[in-house]
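Please read the structure below before turning to the comments.
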There are 2 protein chains.
Amino acid sequence: MNAPVLSHSRCGDCPIRHRAVCARCNADELEELDAIKYYRTYEAGQPIIWSGDVMNFVGSVVSGIASLTQTMEDGRTQMVGLLLPSDFVGRPGREGAAYDVAATTDVVMCCFRKKPFEELMERTPHIAHRLLEMTLDELDAAREWMLVLGRKTAREKIASLLAIIARRDATLTPGGATNRMVFDLPLTREAMADYLGLTLETVSRQISALKRDGIIELEGKRHVTVPDMRRLMEEAGDDSDGGFLG
Amino acid sequence: MNAPVLSHSRCGDCPIRHRAVCARCNADELEELDAIKYYRTYEAGQPIIWSGDVMNFVGSVVSGIASLTQTMEDGRTQMVGLLLPSDFVGRPGREGAAYDVAATTDVVMCCFRKKPFEELMERTPHIAHRLLEMTLDELDAAREWMLVLGRKTAREKIASLLAIIARRDATLTPGGATNRMVFDLPLTREAMADYLGLTLETVSRQISALKRDGIIELEGKRHVTVPDMRRLMEEAGDDSDGGFLG
DNA sequence: GGTCCGGTTTGATCTGGGTCAAGGCTCAGG
DNA sequence: CCTGAGCCTTGACCCAGATCAAACCGGACC
């Protein structure tokens, strides 16, 4: 598996970065991480891990989008997290995977065999510390999402999701967080429905409604323009500018 | 604040225990933790922390039940976690609280001022490691709950909640996990509704329905007997015996 | 060009759970 | 014993979103 051209200049720091460059990066650690890393690519739609599988690696998303989903026996599914570039996958100290992980778009992952990574973690408390912080971020995000799932209307759910994607895009395209915002939806209507606990028809209808009401503009089915983020946030019923991720 | 009589013989190890006694407890660490701990009690219904407040302590629940909730401006609320005895509160390395924490029943907490606790954590990687594991457990639990909130019917939601409470009770009353199970509901109908993303009327109706169908028996409003846990689990639509907590 | 196909939109209808409203228990206090 | 306050239950009705069904769109492939 030869390393693809990367948008990051160095991938070695991915697992201890997470939505922002770590301020305390340490050359020795990166050296060690570089030594044990390798790359994997997945096509859109391809599974990465099945729930219950033994996971012998951890890693982070370099490019593309992956999703975490849970499925009931009768087929109902709920997406429980979105993995965007720089997000971490896998859990040191755990044997099996807890959810299905799948590539939503084409995905490049930077992986580390679990054993050496755990050993490195033992030696370098800084990495363990970063991992704790990242996990706390994910926990906050998951709990934020519980409010969305449990108490928001369909329209608010859609607006919340759009706000999250726009927001996340803004951090990747620095200078963001202005009122106007343009981005591509990385998810199908069905995937959005799975994320939001809705049906795809309801997702479609609510997107049409937001368009009709001038909250968003659509070019094709995926390219979104938000003329005024504040209005979108209002629709989301969400003063907190909380960023969900996964 | 004098220390109350505790069900645990030592409280010092609470923050690094979590639903099970830690196998690697270390006398020195416990000593250090003992030195900086103190107790606080809260009456049922009393707030413990408001979302956004500066939190200058971390701690764990010694007895009673506390809840984490999020509230929207218009008053809709969603409970995002239940804190049962031995569960950890607060996040080292974070300034403000992310949710409202309130005592659901009378609660005794074992607290540590944050600064000394963090310093102790720096020195003893074992504690940091335990904390990471606990956080991962909570993350799994939160994601499990996302499936409940997003995809389950009202009846399944109630059954899921009862299963969780029964299950948790069983771990406290060793020898559990038999088919028959008896416990007291520590939550009002309203709190259950907030947890499940339902209204209290729906909660009441579904509990009545489960009673009518012989899945549960009720004595008064709080005392529950589950004659056959397997049937309850079926109603929860949940093969996974996953335990939620908080 | 045509046609196939997956993703999407839109319409018509149904229904689970929300909303509103009226009592019912149970315990504390007088 | 009565009264009031909290919870809880139950009924009647309604509506947001699910379900079922049909058609639409845009790109890939012949």
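Protein chains get the first letters and strands the later ones, always in sequence-line order, with residue 1 at the start of each.
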request  = Taking only Lys NZ, Arg NE, NH1 and NH2, and the carboxylate oxygens of Asp or Glu, determine whether A/D87 and A/R168 approach each other closer than 4.0 Å.
outcome  = yes

remark   = Tightest non-hydrogen contact, residues A/V58 and A/R91, listed as CG1-N, 4.2 Å

request  = Could you say whether B/K211 or A/V203 is positioned toward the 5' end of DNA chain D, judged by the nucleotide with the nearest heavy atom to each?
outcome  = B/K211

ask   = Taking 4.0 angstrom as the limit, do B/K211 and B/E217 come out as a salt bridge?
value = no

query = When we call it a touch if two heavy atoms are under 4.0 Å apart, what does A/I207 touch: a base, just sugar-phosphate, or nothing?
reply = nothing

ask   = Does OP1 or OP2 of C/dT10 have a side-chain N or O of A/R205 closer than 4.0 Å?
value = no

ask   = Contact class for A/G45 vs. all strands (heavy atom < 4.0 Å): base, sugar-phosphate, or nothing?
value = nothing

message = Using a heavy-atom cut-off of 4.0 Å across all strands, would you classify B/L200 as base, sugar-phosphate, or nothing?
response = nothing

task = Look at B/R230 together with B/E235 and state whether they make a salt bridge at an N to O cut-off of under 4.0 Å.
result = no

query = Which nucleotide, C/dT9, D/dG17, C/dG17, lies nearest any side-chain atom of A/A154?
reply = D/dG17

query = Any idea which of C/dG17, D/dT9, C/dT8 is nearest the B/S208 side chain?
reply = D/dT9

note = The answer to which of B/L198 and A/K221 contacts DNA chain C further toward the 5' end, by nearest nucleotide, is A/K221

query = Can a side chain N or O of A/S204 be found less than 4.0 Å away from OP1 or OP2 on C/dT9?
reply = yes

A/R143/B/E138 salt bridge by N-O under 4.0 Å criterion = yes

task = Assign B/T199 to base, sugar-phosphate, or nothing according to its heavy-atom contacts below 4.0 angstrom with the strands shown.
result = base

query = More 5' along DNA chain C: B/E201 or A/E190, using each one's nearest nucleotide?
reply = A/E190

inquiry  = Taking any heavy-atom pair under 4.0 Å as a contact, classify B/R222: base, sugar-phosphate, or nothing.
reply    = sugar-phosphate

key: Nucleotide of C/dG17, C/dT9, D/dT9 approaching A/R189 most closely (side-chain heavy atoms)   = C/dT9

ask   = A/T153 side chain: which of C/dA21, D/dG17, C/dT10 is closest?
value = D/dG17

